[in-house]
Amino acid sequence: MTSAIADTPHEPVWWDPLAGLRDQGSPAVDVFMSGTVFLDIVFTGLPATPAAGTEVWATGMASCPGGIANLAVAAARLGLRTSLAAGFGDDVYADFCWQTLADQERVDLSHSRRFAEWHSPVTVSMAVQRDRSMVTHGHDLPISADELVGTPPRCRAVITSIGEGAADPVLPSWVAKSRSDGALVFADAGWDPTGAWDKSLLRTLAGCDAFMPNAVEAMHYTRTDSPQAALRALAEHVPLAVVTLGGDGAIAIDGVTGETATVPALPVDALDPTGAGDVFGAALVLGTIAGWPLEHRLRFAGVSAALAVHEIGGSLAAPGWGDIGDWWRRTRAFAAEGHPESVELANRYGFLEDLVPRTHVCGVRRAAATIARHSDVTRP
């Protein structure tokens, strides 16, 4: 059983799900990633997407770090020691994102840099009836990702994105360096706006240990007509293939352990889907590092993503172990009262009994409508 840790009795208690794996030779970093941090402004509760020349009032709003920050926060809140390489501007938006990630969420930013006169990328997201529309503005970093990362830290895993319409999808050189140093490489694929869905991406998977596309992406890249066929095709190229099915759950094949799994999604009334895929991915990484059975990994990732969509605001909607523990205890209590749905869930997710902390752990902050003052961000 893992244990909760705190630096002093007066500081917040943080849960470490990998405590049993740590020794003097363990990497200081569990998961490393690089990407773009956006300031996200999220509107929810919209009756419809605004039409030209009209104004629509939202019932909810949140401001938080977005982009790669969604993944970094999700990983950190699940107890993974997380390091992020990203570029930050010298504006107030960058101050807010940096402070939130480093001070509030304990994400290591030692491989990140600030650039003078480079303003922060911004995304406005509008959540309408379980879907979302976005408007984004930003500029490329003054340097490449490989220049930014330099020599990556020794770590258990890295998470990277491939595809996204690149003419020749390749892994960044820093990813190969990390893998040669023992890190597992988890990759996802972004949407290809060109519609080409270059099949050379499949060759890139030779440098990966896991690939986690959604069903549409998987079918496009493999030229198959069903998620199941796409999964089988991907499993020929990468040891761990996972295809997410949205409201239908996820399917996976682990060629290392020989396991296959099909897991339905938890029924949820989504408030804001922003970042749910990142939460799923971070949870899958944790379960894989920890050596959990494949079905448990998918179920844990699914419940983590389901809890995320109940909150507004991408990164800061990600659940912590307190949220997961609360959900499990509620489910178990309703099951004890004989509620049929809860009885079924308690049976499916019984493995959580040995995972969730039995003591109180530090709560997580949710996104607020306004950009917090620095004194608010650092307040205990």
Practice task
Output the distance between atom CD1 (I289) and atom SG (C155), rounded to the nearest 0.5 Å.
Solution key: 8.5 Å

Problem - Verdict with reasoning, D181 to S178, per side chain to side chain donor-acceptor pair (under 3.5 Å) - result: CA-CA 5 Å; D181 203 23; S178 290; over 6 Å; no

Handout entry: Pair F300 + W321: ring centers closer than 6.0 Å
Key = yes

Fill in the blank from the handout: ring-ring contact (aromatic ring centres under 6.0 Å, His included) with F88: of W98, F96, Y93, only one passes, and it is W98

Practice task
Determine whether the side chains of S144 and D146 contain a donor N or O and an acceptor N or O closer than 3.5 Å.
Solution key: no

Handout entry: Ring center gap for Y349 and H296 short of 6.0 angstrom
Key = no

Practice task
Establish, from distance only, whether the side-chain atoms of T244 and N214 form a donor-acceptor pair under 3.5 Å.
Solution key: no

Practice task
Show your working on side chain to side chain contact (heavy atoms under 4.5 Å, CB included) between F32 and V149 and close with a plain yes or no.
Solution key: CA-CA 10 Å; F32 179 70; V149 172; 3.8 Å; yes

Problem - Common cluster, W292/I324, ILVMFWY with side-chain heavy-atom separation under 4.5 Å - result: yes

Exercise for the section: Please check if any side-chain donor atom of S125 sits under 3.5 Å from a side-chain acceptor atom of T123, or the reverse. Expected result: no

Practice task
Would you mind telling me which of T224, T260, I253, T262 makes a side-chain contact (heavy atoms from CB on, under 4.5 Å) with L231?
Solution key: I253

Practice task
Begin with the C-alpha distance, continue with both residues' side-chain angles, and end with the deciding distance and a verdict on side chain to side chain contact (heavy atoms under 4.5 Å, CB included) for T222 and L234.
Solution key: CA-CA 7 Å; T222 59; L234 291 173; 3.6 Å; yes

Handout entry: H339 side chain to E341 side chain, donor-acceptor N/O pair below 3.5 angstrom
Key = no

Handout entry: Mutual orientation of the aromatic rings belonging to H137 and H119 [parallel < 30°, tilted 30-60°, perpendicular > 60°]
Key = parallel

Practice task
Identify whether the distance between the nearest side-chain nitrogen and carboxylate oxygen of R299 and E295 falls below 4.0 Å.
Solution key: yes

Problem - From CA spacing to verdict: side chain to side chain contact (heavy atoms under 4.5 Å, CB included), M212, L240 - result: CA-CA 9 Å; M212 310 175 290; L240 174 59; over 6 Å; no

